[in-house]
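What follows is a single structure, written as structure tokens, with notes after it.
All chains are named by letter (A, B, ...) in the order of the sequence lines, taking the proteins before the strands, and each is independently numbered beginning at 1.
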Number of protein chains: 2
Amino acid sequence: MLSKIKAARSGLRKSEQKVADAVIDDPDEAVQSSIHAIATRAKVSEPTVIRFCRALDCVGFQQFKLKLAQDLARRGTFFYQDVTAQDTSKQLASKLLDGAIASLVQIRDQINEESLDRAIALYEACSRVELYGSGGSAVVAEDAQLKFFRLGKPAIAYSDPHIQHAAAALLDRDALVIAVSHSGRSSDILKTVEIARAARAKVISVTATRSPLAQCSDVALTVDVNEDSDIFSPVKSRLGQMVVLDVLAVGVAVRGGDHMLEQLARARRAIDFKFV
Amino acid sequence: MLSKIKAARSGLRKSEQKVADAVIDDPDEAVQSSIHAIATRAKVSEPTVIRFCRALDCVGFQQFKLKLAQDLARRGTFFYQDVTAQDTSKQLASKLLDGAIASLVQIRDQINEESLDRAIALYEACSRVELYGSGGSAVVAEDAQLKFFRLGKPAIAYSDPHIQHAAAALLDRDALVIAVSHSGRSSDILKTVEIARAARAKVISVTATRSPLAQCSDVALTVDVNEDSDIFSPVKSRLGQMVVLDVLAVGVAVRGGDHMLEQLARARRAIDFKFV
DNA sequence: TTTATTTTGTAATAAAACTACACAATGAAT
DNA sequence: ATTCATTGTGTAGTTTTATTACAAAATAAA
């Protein structure tokens, strides 16, 4: 629509061009304005605004505004922007959300299909799952535990590094470890994975590409996002990790066929509506 | 917007629900209708339609239609698709990521600036923060705890409902509660909030629009997403809740000025690279 | 310059959105 | 069960917004 206006501009009459200019100048303002407001800003009469709409193949002003609004909605591209102390709350929220969205888009385009398939195969071959993550990653591991224990095999998450060490020492070749770490460089998690592998357990890591953790795992599901604008904690990588683990869990479920999917959907409704 | 309507539906009055149903039934028709047309189709009076719009945080019918139109326009970019047993891993991942992205886009467009400002003010006025969430929402509460305790005031998260009750009873007027719940209907969390309010603590809720929890909070930060395609747990609303709480925390930090932002950024690097 | 044609604005009309208020339904307290 | 208070819903009127009809400028052609 916006480009349509630009294209049509030179074919319009003089005062209609003024309307076109006013709309192009601030389209977001335009979609919220009445005919009167636009007419005033473009310094033309109200019927001129309507004629302008009709010239653009709209039946009236309302339809024009609707089409323009939809156009603006679609134009949404998401990118990082640093927050500043001068931002209004609205700007702040939009910037942060945009950043989060951008990171998910990035992850979507980076998903490694082969790793995912191998991870699914590892789950199918194991008899139980342990999830390790500390600090912020503990949250992700716990969230994943909730998903995995509905898939039919025992799943448990540990967030204390010492307990992780102890738990890892007790694993066997039928156990599967899912190790979550943002940087993949924490010595605790590396030590834990080392112990787990010595016990012949399989290891899936959810971490940064080419990090030490990724390199010492059987399968690495990598999550790399631009963290520059995260102030407190790597929110974006946390979101990414959660979604990637969701993908893994759903992937496993899907291998169980449509029947299993339905069953899980029912289970979810029964549980969540009561408790969450 | 559409998912907001669905989420808010049960919190609406009877005739407003009729309007909701009419809109959900054919949203494309709705964006082109006048109040009169919608009122007729829903078999209610015209003011009821306006009240319905207001209940959804719109200033009037026009704004409602505009938001709805933009929502419909965006459907095309990232949209929900049900996963099937025939999907390849890649397709599966894309579908799930698209769904997650779509939900964040929705949340971005729904952010209520006024609520956010009020929530920030509540944090600034309090002397300590307690975060309550159980089940899946416990994960969100814990994640938020990590953010909030870096802002300079004590912050603690409880995930056991009984302990939440006990903790809430010990609050005073300087305490701030952040209550997280997907549905906003769990009796545990409602009870906890009731106790907290009786102790004169302030309550910010992170939950569905017009849910009981939202209604009994001082400020509601609403998170409404279409959960149809979530198999295990409401991943999408979980992501949304985490981001919304991140926005709140960053909002608080930003009020502390650029200096505080820098300090936090340094703190984050120091902490996270070691532990996560 | 006059005349036809196009363009633009004024003023009236129609339609839509919104408000104030009154009646009806619901629920709590006696 | 009856009254009172509260909440919900509709009727009727008001204001705002969109649209039309038409007349006055402006422009171009003869």
Side-chain angles (χ1 to χ4, degrees), chain A residues 1 5 8-23 26-70, chain B residues 1 5 8-24 26-70 190 194 198 209-217 220:
Chain A
M1 200 66 192
I5 298 174
R9 190 182 173 285
S10 59
L12 299 172
R13 325 199 244 237
K14 241 193 282 130
S15 27
E16 286 168 9
Q17 289 186 3
K18 289 190 205 165
V19 180
D21 294 340
V23 172
D26 191 348
D28 297 274
E29 170 73 33
V31 292
Q32 303 194 50
S33 307
S34 66
I35 289 191
H36 179 76
I38 292 183
T40 308
R41 194 137 40 82
K43 297 199 172 63
V44 299
S45 71
E46 302 187 7
T48 300
V49 177
I50 293 181
R51 286 182 206 118
F52 162 81
C53 299
R54 303 245 159 96
L56 262 49
D57 302 318
C58 296
V59 6
F61 178 68
Q62 288 299 343
Q63 194 187 68
F64 166 75
K65 251 174 46 172
L66 224 62
K67 283 189 178 180
L68 183 60
Q70 301 201 326
Chain B
M1 199 66 194
I5 298 174
R9 189 184 173 286
S10 59
L12 298 172
R13 327 202 238 248
K14 246 193 279 125
S15 19
E16 286 167 11
Q17 288 186 5
K18 290 190 206 163
V19 180
D21 294 340
V23 172
I24 291 169
D26 192 349
D28 298 274
E29 170 74 32
V31 290
Q32 304 194 52
S33 308
S34 65
I35 290 188
H36 179 76
I38 291 182
T40 308
R41 194 135 44 81
K43 297 198 171 59
V44 299
S45 71
E46 302 189 6
T48 299
V49 177
I50 294 179
R51 286 190 276 258
F52 163 80
C53 300
R54 301 247 160 94
L56 262 44
D57 302 317
C58 295
V59 358
F61 178 69
Q62 289 298 343
Q63 194 188 67
F64 167 76
K65 253 173 47 172
L66 223 63
K67 283 188 178 180
L68 185 61
Q70 301 202 328
L190 289 171
E194 195 187 304
T209 302
R210 305 217 125 230
S211 62
L213 177 57
Q215 283 169 340
C216 69
S217 317

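Side-chain atoms of A:E46 never come within 3.5 Å of backbone atoms of A:I35 as a donor-acceptor pair (strictly under, hydrogens ignored). Judged by distance alone, the side chain of B:T40 and the main-chain N or O of B:H36 form a donor-acceptor pair under 3.5 Å. Not a single donor-acceptor pair under 3.5 Å links the side chain of B:Q70 to the backbone N or O of A:Q70.
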| Once each nucleotide of nucleotides 4-20 of chain C is scored for protein heavy atoms under 4.0 Å, what B/S/- sequence comes out, 5' to 3'? | ---SBBB------SBB-
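Between B:S15 atom OG and B:R51 atom CZ the span is 7.5 Å, to the nearest 0.5 Å. Atom-to-atom distance recorded for A:K65:NZ and B:K65:NZ is 9.0 Å, nearest 0.5 angstrom. Between the CD1 atom of A:I38 and the OG1 atom of A:T48 there is a distance of 12.5 Å, given to the nearest 0.5 Å. In this structure, the separation between CZ on B:F64 and CG on B:D57 is 12.0 Å, given to the nearest 0.5 Å.
When side chains are defined from C-beta on, B:C53 does not count as touching B:Q63, because their heavy atoms never get closer than 4.5 Å.
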| remark: The dot-bracket string of DNA chain C, counting Watson-Crick and G-U wobble pairs with both distances under 3.5 Å, using [ ] for crossing pairs and | for pairs to another strand, is ||||||||||||||||||||||||||||||
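Distance CZ (A:F52) to P (D:dT19): 14 Å, rounded to an integer number of Å.
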